[in-house]
Visitor: 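First the structure, which I've put down as structure tokens, then a few questions once you've had a look.
What you see is a predicted model, and the numbers here were worked out from it, not measured in a lab. Just so you know, these numbers use all the heavy atoms, side chains as well, and skip hydrogens, waters and symmetry mates. Indexing begins at 1, ligand by ligand and atom by atom, following the structure's order.
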Amino acid sequence: MNSVIPVLDPASPQAEAINNLFLQVLLISAVIFAIVSGLILIAISRGRRRDTLPEQNFGSEKSEIFWMIGPVIIVIWLVAISANLVITLNAIPQADPDGKTNFNDVDLIVTGHQWWWEVKYPKSGIITANEIHMPAGKEKKFRILVTSADVIHCFWVPQLGRKIDAIPGRDNYIWLQATNPGSYQGRCSEYCGAQHAWMNFKVYADTDEEFQQWVASEKRTTEQPPLLSPLAADGKKYFFQATCPQCHTIQGTEAEATIGPDLTHFANRKEIGAGVIENTSENLALWLKNPQALKPGCKMPDFKLSDTNLKQLVAYLETLK
Ligand code: CUA
């Protein structure tokens, strides 16, 4: 499900500014390319089919000054517009009144793992994976702390803004903004191992109402539906007998490990394996049957589940809403 991201279709003021810079640099480069290749073509067409050398000129103060000053002006201009954009994009909004940024006041902490993203909302305690919800709107800047649990990754949502490296032991900050509600594809953009290409995530920019609903729904610790179907109840039993809780968390149960993605509201997520497949019953069964076949090298081993256990687990995981 790796689809092409419309990189040149910005959906935020930040991405628009990056896009404009790109187009300006492209335009300047295209004009220079046209002038240089035009002069080469003129020289070639004038110089060929002649037995004698064309007229030779040595030294011209005027053209030397022109060739020096012209490029210097262009380079200064490029540095100025780039630096201006970098300063604007790096400015973290909502600074404290004293002008210092309060880094405790982040909206979201994103941690890169080989090969998925942990998504944690410090204010509400919500933890999920590979799917980010944020409120849409021109004025709403969503502050994100980006870090890594293992190697260097890079967080990038092309339609919403700049890239930021996820570095182990280091906190990097970025802010995102989405002008209109919608879903925006994100990618890891720093080579980080075998499944780098399958370290996708999605940003859902919600209306205020949708976002509040999502927060309310994710904040519930898992109250299982009072009556699990017999199949799902067996699945739950199997989940806790097997090694699942050694890697995963389901809030409100004794599963509290953080090696793999938090499964508390797993059934509400749209994709499995950081974008590898859509989250449907059939695909979930395929994934549990042998994750290594779908995402070779990922941390989830092939447990060689029996068909019965597989059906039970799928039934249980699908209750995690
Ligand atoms: Cu993570 Cu590339």
Visitor: Would you mind reporting whether E318 and L284 have side-chain heavy atoms less than 4.5 Å apart?
Guide: yes
Visitor: Is the NZ atom of K163 crowded by more than 12 outside heavy atoms at less than 6.0 Å?
Guide: yes
Visitor: Below 6.0 angstrom between ring centroids: does that apply to F201 and F155?
Guide: yes
Visitor: Taking the side chain as C-beta and beyond, is there a heavy-atom pair between P6 and Q159 under 4.5 Å?
Guide: yes
Visitor: For residues 58-82, which residue pairs pass the salt bridge (Lys or Arg N to Asp or Glu O under 4.0 Å) check, not counting sequence neighbours?
Guide: none
Visitor: Are there over 12 heavy-atom neighbours, none belonging to F66, within less than 6.0 Å of that residue's CZ?
Guide: no
Visitor: Please indicate how many protein N/O/S atoms are found closer than 2.8 Å to atom 1 (Cu) of ligand 1, with waters neither displayed nor included.
Guide: 4
